[in-house]
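What you see is a predicted model, and the numbers here were worked out from it, not measured in a lab.
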Amino acid sequence: QSAHRAGLRSFLRYGWRWSWRVTAFVTVFNVVSTGLSAYRNKTTIGNFGFTGALFRMHLGLQGLAGGFVFGTACGIPAGGLLIMMQKLAGETLQEKRNRERRELYEEKLAEWQSRLSVTEVIGQTESNAQGGSDMNK
């Protein structure tokens, strides 16, 4: 019981020192990886490798290469899990994005055409009203 308490005490003492570092690393890693995926419009393991290289860039060329290898090694399980989940869902993220864009485009096109038809009806109504008033004169 005293060993358990000592372990808990040391975790509380040193855990908070590392928590902000881990939080910062995970936040930057996810932001860069997601940003690359959005910019390139596809998710690849190379995005994880590039992100890993970014963290080791300050160590020179050797650190850059090591970071790329480490990021890729971490990205393979994450990418594999992502691909498996997409296969189970029946649709990849790329297909989902393209489908949503197409649906949004079709929705806006239908809205635009309905507004255009209303404008044409109003124009016909006005011309009929002017034509009818000309006949009465």
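In this structure, Q62 places its CD atom where only 12 or fewer heavy-atom neighbours from other residues, nucleotides or ligands lie under 6.0 Å away.
A salt bridge (Lys or Arg N to Asp or Glu O under 4.0 Å) check over residues 90-99, counting only residues at least two apart or in different chains, returns the pairs E91-R99, R99-E103.
Taking Q1 as the reference, nothing meets the side-chain hydrogen bond (donor to acceptor under 3.5 Å, both in side chains) condition, with sequence neighbours excluded.
Placement of V26 and L81 in two distinct hydrophobic clusters is found when ILVMFWY residues are connected by side-chain heavy-atom separations under 4.5 Å, directly or transitively. Linking Ile, Leu, Val, Met, Phe, Trp and Tyr residues whenever their side-chain heavy atoms come within less than 4.5 Å leaves L8 and Y14 in two separate clusters. Grouping the Ile, Leu, Val, Met, Phe, Trp and Tyr side chains by contacts below 4.5 angstrom, directly or via other members, places Y105 with W112.
Judged purely by atom type and a 3.5 angstrom limit, T34 has no side-chain atom pairing as donor or acceptor with the backbone of V31.
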